[in-house]
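Data first, discussion second: the structure below is written as structure tokens.
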Amino acid sequence: MSNHTPKSMDAIMSLCKRRGFVYQTSEIYGGINGFWDYGPLGAQLKKNLRDAWWQDVVMGPCWGRKGPNGRPVSVVPVDTTIIQHPKTWEASGHVAGFNDPMVDCRETKGRYRYDHVQVFVPASGERGDKPVFAYMGDTPSEAKQRKKAEKTFGEVTSVALSSLPQPWDRVIGPDAEKPGSLTEPRQFNLMFKTYVGATAGEDDKAYLRPETAQGIFAQAKNVWDTTRVKVPFGIAQTGKSFRNEVTPRNFTFRSREFEQMEIEFFCHESEALAWYAYWRDWRMEWWKSIGLAGDNLILREHEADELAHYSKATSDVEYRFPFSAPGYGELEGIAYRGNFDLSQHQKFSGVKMEYNDTERGEVLPNGSRRGERYVPHVIEPSAGLDRGVLAVLCEAYTKDESRPSPEFMKIHPRLAPIKAAIYPLVAKEGMPEVAEKLYEEIVQRFGRLGFIEFDEKQSIGKRYARMDEAGCPFCFTIDGETLTNQTVTVRSRDTGSQDRIGIDNVAGFLAEKLG
RNA sequence: GCGGGCGUAGCUCAGUGGUAGAGCGUCAGCCUUCCAAGCUGAACGUCGAGGGUUCAAAUCCCUUCGCCCGCUCCA
């Protein structure tokens, strides 16, 4: 199982196109880098995944399991705008973080964050005409360059590249052999910029959000002021975000426009680590429950040196995509962010982000509590919806040359865009009429979950094969026997097996299988 | 952003200077009482786009866009 050959990404992409899961955006104009559209089946698949998340996170959080405080988990939704006050992104750190100047190396083609490049220079300060040695901290270049520098100068000291005057003719790049290969620093704007107002100028510039999280943080106070929620509780949101990725790559995995499913779960600092572990473990189970079971899915705890400065713990749910194998690509990050974000908004907006927790503090004579005011800590399970769809597609793609349909999609019934197909075995002897009647009943009952197919054309094998590629889990076929004993066959996509059930039991069968 | 590969029908690909092709899919008809994706037929292409060379360009040259792979990046 663990050493199966990776699936072909090309084959998956071909199937996605020809069955209408994913198309390239603006394809008739030659496409545009980093943007993808969903076709009919893809749009429904994506909606089903989003709905599954919403159902399990907002409507019935964590499958009704109690939290570490012994109470049901409480989560409420919001829907915030893509364009927000520009100060939002100053507070969040994105304006700074998304504007990192980079330097390139002409010799090695390497690229480095300008403010992270250090240089070994003589400790004496006497440099003369000799070259100095640039490096990136905590990379192999550090030891290597230090060795060379010490050989040249003896005792060395480290200064920031930015402290040296340009052009850097005598600077040897971190991985280069010759001096003078580093370019001037260049700005990369990773946030999409736009202008608010029809006659807007530079003063009216705004950004398309690079994450949905900040809309939640910015409205957290409104939510606890107006909705009677009590800490601990979560706020959830799905929606589009935008990042001008340097290198969009790997089909839809790194797109410039993408959809997130984010939870910010607010709690008291003393309970935060327990909640962190709770969310981390449940989110992992959730991904398994929608069909990503097996060794392609892992939960990876970040090492201390990998953590953002404000995070006390972070883990990723990762999937082994065909293009990342044998490595993994991130589906969801679960981060304990302290109270960094709310504190930042408090600082930048001047609005107090403190929650008045009336269940804490000393007990007063009348039996109530004095209360405790604090800026809540937050656990952030942040998932990529499009990445989830991609993982589901990759996991579902199955090749079996022994079948009439050598390629088919084993999409979990809960997510499958086509839930069921109703077929007359042949288009005669009254079978189409019976099938149509069943079809109408099934559409009535299950049509809100996904597509229900009806088809009486061509041979039954051809129709089954077509459903295999579309990922439809069950086909119900009306045959001659149906007319005499009121039974139909259920043909299962994954095994090709057939079972007879009563025509009256079809709805019950689907209700059980579709969840 | 750099380097490499690729771009011809919905999909997979053949065609390397001289009338745009195949298989699959799609559609129609036939056949078919459970894999018959079988049979017959049909539709579908400014050969990614723009420019150039040539009597003639899918084919050669330049530019550009997109996809894939490797670097780089991923707050």
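Just so it is clear: chains get the letters A, B, ... in the order the sequence lines come, proteins before strands, and each one is counted from 1.
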Base paired to rU59(B) (Watson-Crick or G-U; both N/O distances under 3.5 angstrom): none
Nucleotide rU32(B), atom P - distance to CG of Asp455(A) in whole Å: 18 Å
I'd like the P distance from rC13(B) over to rA56(B), given in whole Å. 33 Å
Counting the atoms with a prime plus P, OP1 and OP2 as sugar-phosphate, which does Asn33(A) contact under 4.0 Å by heavy atoms, base, sugar-phosphate, or nothing? sugar-phosphate
Distance between the C1' atoms of rA20(B) and rU59(B), in whole angstroms? 12 Å
Is the positively charged end of Arg283(A) above the ring of Trp286(A), judged by distance under 6.0 angstrom from the centroid and angle within 45° of the axis? yes
With a 4.0 Å cut-off on heavy atoms, is Met431(A) in touch with a base, just the backbone sugar-phosphate, or nothing at all? base
Toward the 5' end of RNA chain B, by each residue's nearest nucleotide, Gln458(A) or Thr477(A): Gln458(A)
Distance between C1' atoms of rA14(B) and rC2(B) (Å, rounded): 33 Å
Taking the C1' atom of each, how far is rG10(B) from rG52(B), in whole Å? 33 Å
Please check the phosphate of rC34(B) (OP1 and OP2 only) for any side-chain N or O of Thr489(A) closer than 4.0 Å. no
Does rC71(B) have a Watson-Crick or wobble partner in any strand here, with both distances under 3.5 angstrom, and which is it? rG1(B)
Side-chain N,O (Asn250(A)) to OP1/OP2 (rC69(B)) below 4.0 Å: yes
Within this structure, what is the CZ-to-C1' distance between Arg256(A) and rC65(B), rounded to whole angstrom? 13 Å
Give Gly496(A) one of three labels, base, sugar-phosphate or nothing, depending on what nucleic acid heavy atoms sit under 4.0 Å from its own. base
Check this one for me: any side-chain N or O of Arg466(A) less than 4.0 Å away from OP1 or OP2 of rC24(B)? no
Looking at Phe258(A), I'd like to know if the NZ or CZ of Arg243(A) sits under 6.0 Å from its six-membered ring centre while staying within 45 degrees of the ring's axis. no
To the nearest angstrom, the CD-P distance between Gln24(A) and rG7(B) comes to 15 Å
For Phe251(A), report the nucleic acid contact type (base, sugar-phosphate, nothing); a contact means any heavy atom under 4.0 Å. sugar-phosphate
By the 4.0 Å heavy-atom rule, please label Tyr29(A) as base, sugar-phosphate, or nothing. nothing
Assess Arg403(A) against Phe408(A): is NZ or CZ under 6.0 Å from the centre of the six-membered ring, and within 45 degrees of the ring's axis? yes
Does Asp10(A) contact rC68(B) through a side-chain donor or acceptor facing the base, at a distance under 3.5 Å? no
Around atom NZ of Lys347(A), are there more than 12 heavy atoms from other residues, nucleotides or ligands closer than 6.0 Å? no
If we call it a pair only when both distances are under 3.5 Å in a Watson-Crick or G-U wobble match, what pairs with rC39(B)? rG29(B)
Can you label the angle between the Phe509(A) ring and the Phe474(A) ring as parallel, tilted or perpendicular, going by 30° and 60°? perpendicular
Quick one: label Gly329(A) by what it contacts on the DNA or RNA (base, sugar-phosphate, nothing), any heavy atom closer than 4.0 Å. nothing
Aromatic Tyr464(A) / basic Arg491(A) pairing, under 6.0 angstrom, 45° off normal: yes
Measuring only the C1' atom in each nucleotide, how far is rG50(B) from rG66(B)? A whole number of Å is fine. 15 Å
Which part of the nucleic acid, if any, lies within reach of Glu27(A) when heavy atoms closer than 4.0 Å are counted: base, sugar-phosphate only, or nothing? nothing
C1' gap between rU8(B) and rC47(B), integer Å: 4 Å
Between Asp479(A) and Thr477(A), does any side-chain donor sit less than 3.5 Å from a side-chain acceptor? no
Please classify the nucleic acid contact of Arg491(A) as base, sugar-phosphate, or nothing, using heavy-atom distances under 4.0 Å. base
Strictly by Watson-Crick or wobble contacts shorter than 3.5 Å, is anything paired with rC44(B), and which nucleotide is it? none
How would you label the contact of Thr247(A) with the nucleic acid (heavy atoms, under 4.0 Å): base, sugar-phosphate, or nothing? base
Which is more 5' along RNA chain B, the nucleotide nearest Leu15(A) or the one nearest Gly461(A)? Just name the residue. Leu15(A)
Presence of donor-acceptor pair under 3.5 Å, side chain of Arg249(A) and base of rG70(B): yes
For Ser92(A), which contact category applies under a 4.0 Å heavy-atom criterion: base, sugar-phosphate, or nothing? nothing
Quick one: the side chain of Tyr464(A) and the base of rC34(B), do they pair up donor-acceptor inside 3.5 Å? yes
Whom does rG7(B) pair with, Watson-Crick or G-U wobble, provided both distances fall under 3.5 Å? rC65(B)
For the side chain of Lys17(A), starting at C-beta, report the closest nucleotide among rU32(B), rG10(B), rC67(B). rG10(B)
Pair Arg500(A), Thr487(A): side-chain N/O donor-acceptor within cut-off below 3.5 Å: yes
Suppose you measure atom P in rU54(B) against the same atom in rG4(B); what distance do you get, rounded to whole Å? 29 Å
Determine the contact category for Glu245(A): base if any of its heavy atoms lies under 4.0 Å from a base atom, sugar-phosphate if only primed atoms, P, OP1 or OP2 are that close, otherwise nothing. nothing
Between rG18(B) and rU72(B), how far is it from one C1' atom to the other, in whole Å? 47 Å
Using a cut-off of strictly less than 4.0 Å, decide whether Lys462(A) has a side-chain nitrogen or oxygen near OP1 or OP2 of rG38(B). no
